[in-house]
Amino acid sequence: MNTTYKTLGAAGLMSSLATSALAQEAMTLDQKVNDAFAASTGWFVNFIFMSLPGTNFPWIVLWLVVAATIFTIYFGFVQFRFFKHAIHLVKGDYSDPNDAGEVSHFQALATALSGTVGLGNIAGVAVAVGIGGPGATFWMILAGLLGMASKFTECTLGVKYRNEYPDGSVSGGPMYYISKGFDELGLPGGKILAVLFSVFCILGALGGGNMFQANQAHAQISGIVGDYPGWITGIIFAAVVFAVIVGGIKSIANVTEKVVPIMGILYVGAAAIILIVNYDMIGWAFGQIFAGAFTGLGVAGGFVGALIQGFKRAAFSNEAGVGSAAIAHSAVRTNEPITEGFVSLLEPLIDTVVICTMTALVIVISQQLIIDPATGNYMLNEAGTAIATVDGNSGVSLTSAAFGSGISWFPFVLAIAVVLFAFSTMISWSYYGLKAWTYLFGEGKTSELVFKVIFCVFIVIGAAASLGPVIDFSDAAIFAMAVVNIFCLYFLMKLVKTELASYAARLDSGEIKKFNH
């Protein structure tokens with residue numbers, strides 16, 4: 001008996017040592033892959049997110065904000081002039097069921113929103129307020145309002161230059177309007193720029209729109225139920241995502257038009273409850289936001305810090321100018337490209353102005369940020385890099401603590417919201433990546449299926465591995481899309497102005513009428 005135990009013990013020890021050695025080898029291999037990838041792509045990541053000289057303001061954020069400002073002025077503040085009309089379009093008041101396209105205005109809006117409403121609204125806002133103070137919210141709102149004009153520009157072009165096929169399906173997005181628009185204007189380089197955009201879009205879809213989402217969803221779930229292998233989460237997500245995306249944009253739109261309102265109501269509803277309970281502090285919170293926007297209230301970086309964090313969060317959250325939303329909006333049923341431009345301008349309003357602002361208000365009102373009673377300014381942490389918080393929380397944990405202070409069970413709701421946000425973001429980005437893929441490799445069932453399988457394999461990889469440099473690179477790829485897209489929009493925006501003038505004249509004359517449904 002003792003011999004048996006000794007034999008089993010020795011076998012167990014050897015097995016344990018072998019397992020440990022394999023695990024160590026796997027970790028070393030993983031680290032080697034990470035290091036090699038970081039070494040080869042680090043220059044690209046550093047370039048995209050490089051700060052302007054003498055500041056910590058990423059030039060890519062300025063690139064997006066300046067473009068949004070130019071489009072706002074060029075189109076005569078279109079986001080305010082046609083806001084009411086955009087609401088009517090989403091309701092379907094002007095929708096002709098016989099128009100070309102695959103989805104309704106509402107479905108297109110829901111699909112595009114599902115790609116932007118996500119972890120940035122939960123964790124990103126907490127980071128912005130935690131570093132830039134409540135004043136960051138003001139600049140975030142301003143950038144969101146300006147971004148509405150960027151979405152209007154790119155989504156109008158997305159519908160105008162889309163490909164319509166005999167079976168009723170469509171393909172559109174920056175790669176199509178860049179190549180076709182440049183040809184129409186007699187400009188060189190359209191095809192090259194379209195291919196470059198498509199490459200960045202595929203990389204962004206597989207990384208930031210896929211692996212990062214799966215990784216964060218697994219982290220949130222394991223934080224609630226306990227630690228378990230990430231590949232399990234990955235396989236479940238991959239199976240559900242594949243079941244949705246294999247049906248194409250109509251299937252995706254049918255899911256997102258249900259998921260987006262649910263997750264929006266779930267999250268905004270919880271925020272509204274906290275704001276209602278603390279209604280007497282809302283005025284004070286807005287006072288903190290406005291005062292902090294111009295004085296900084298002693299936070300890290302002061303006024304400039306608040307401005308940088310607000311602009312950065314808005315740009316990273318609503319993706320206005322990136323060009324991704326134009327791909328989803330291109331599938332809409334309409335013969336008037338400008339109408340989808342009007343519908344799309346609602347996205348930054350919902351994503352940034354409403355959802356991000358409500359998150360910021362809850363964080364401020366919950367008083368998780370520590371105020372110095374002597375000066376009334378916010379106290380900095382020991383490193384002096386961010387505002388000190390009650391339990392030292394930051395990011396998603398700060399948002400969770402803020403909501404948890406008013407609703408004890410909210411961390412569970414947040415876990416559900418993160419899973420829904422991750423799922424909806426993945427299915428939307430699968431469509432963005434697919435359209436870039438088919439632009440490069442051709443339309444067809446086989447080509448589409450190959451990409452969909454690749455996309456779902458990357459879901460499992462993302463949930464199971466810690467691939468920091470890969471995620472950094474894919475995030476950079478998403479903003480590299482904006483570099484190409486906005487550069488081209490400057491040349492193409494006069495085509496949008498022609499469409500706007502024509503539509504506005506016909507709307508005023510009564511030529512464009514509502515449909516009785």
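Computed from a predicted model, the values in this text were never measured in an experiment.
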Calculate, to the nearest 0.5 Å, the distance between atoms CE and OG1 belonging to M493 and T153 respectively.
8.5 Å
Sorted by chain and residue number, the side-chain hydrogen bond (donor to acceptor under 3.5 Å, both in side chains) partners of S430 (sequence neighbours excluded) come out as none
Aromatic ring proximity, centroids under 6.0 angstrom, F82 and F152
no
Can you find a heavy atom in the side chain of L495 that is under 4.5 Å from one in the side chain of E184?
yes
Can you tell if the side chain of T156 reaches within under 4.5 Å of the side chain of E340, non-hydrogen atoms only?
no
How are the rings of W139 and F311 set to each other: parallel, tilted or perpendicular (split at 30° and 60°)?
perpendicular
Rounded distance [0.5 Å steps], CG in L62 versus CG in L52
5.5 Å
For the atom pair CD1 (I48) and CZ (F479), what is the distance rounded to the nearest 0.5 Å?
10.0 Å
What's the verdict on side chain to side chain donor-acceptor pair (under 3.5 Å) for E347 and H329, showing C-alpha distance, side-chain angles and the deciding distance?
CA-CA 11 Å; E347 277 174 50; H329 285 282; 2.3 Å; yes
For a side chain to side chain donor-acceptor pair (under 3.5 Å) check, start with the C-alpha distance between S324 and E319, then their side-chain angles and the critical distance, and finish with the verdict.
CA-CA 8 Å; S324 52; E319 294 173 14; 2.9 Å; yes
Determine whether M481 and P174 make a side-chain contact, defined as any pair of heavy atoms from C-beta on separated by less than 4.5 Å.
no
Before you tell me yes or no, could you show the steps for V129 and L369 under side-chain contact (heavy atoms from CB on, under 4.5 Å), namely the whole-Å CA-CA distance, both residues' side-chain angles and the distance that decides it to 0.1 Å?
CA-CA 9 Å; V129 174; L369 307 176; 3.7 Å; yes
Among all residues two or more places apart in sequence or in another chain, which pass the side-chain hydrogen bond (donor to acceptor under 3.5 Å, both in side chains) test with K191?
D183
Under a 4.5 Å cut-off applied to non-hydrogen side-chain atoms, are F491 and L187 in contact?
yes
Qualifying residue, where the test is side chain to side chain contact (heavy atoms under 4.5 Å, CB included) with K160 and the options are C155, S330, P337:
P337
Exactly one of I274, V125, T399 should register a side chain to side chain contact (heavy atoms under 4.5 Å, CB included) with V362. Which one does?
I274
Supply the atom-to-atom distance Q367 CD to W284 CH2, rounded to the nearest 0.5 angstrom.
5.0 Å
Under 6.0 Å between the ring centres of Y267 and F403?
yes
Looking at K435 and S171, what are the two nearest heavy atoms and their distance?
NZ-OG, 2.9 Å
Return yes when atom CZ of F286 has more than 12 non-hydrogen atoms of other residues, nucleotides or ligands closer than 6.0 Å, and no otherwise.
no
Which of L434, V241, I202 passes side chain to side chain contact (heavy atoms under 4.5 Å, CB included) with F455? Answer is V241
Can you tell if the side chain of I338 reaches within under 4.5 Å of the side chain of V496, non-hydrogen atoms only?
yes
Working for side-chain contact (heavy atoms from CB on, under 4.5 Å), residues I221 and V419
CA-CA 8 Å; I221 294 169; V419 170; 3.7 Å; yes
Side-chain heavy atoms of M358 within contact of L275, under 4.5 Å:
yes
Within this structure, what is the CD1-CG distance for the pair I273 and N278, rounded to the nearest 0.5 Å?
12.0 Å
Please work out whether the ring planes of F342 and Y503 are parallel, tilted or perpendicular, with thresholds of 30° and 60°.
tilted
Hey, could you give me the CG/CG distance between L157 and L492, rounded to the nearest 0.5 Å?
5.5 Å
Side-chain contact, heavy-atom cut-off 4.5 Å: L346 with I87?
yes
Using 30° and 60° as the class limits, which term best fits the ring planes of F71 and F75: parallel, tilted or perpendicular?
tilted
Is the ring centre of F44 less than 6.0 Å from the ring centre of F200?
yes
Look at the rings of F47 and W59 and say which category their plane angle falls in: under 30° parallel, 30 to 60° tilted, over 60° perpendicular.
tilted
Taking the side chain as every heavy atom from C-beta outward, state whether I289 and L361 have any pair of such atoms under 4.5 Å apart.
yes
On the 0 to 90° scale, with breaks at 30° and 60°, tag the Y439-Y176 ring pair as parallel, tilted or perpendicular.
perpendicular
Keeping to residues at least two apart or across chains, list the side chain to side chain donor-acceptor pair (under 3.5 Å) pairs with something in residues 202-212.
none
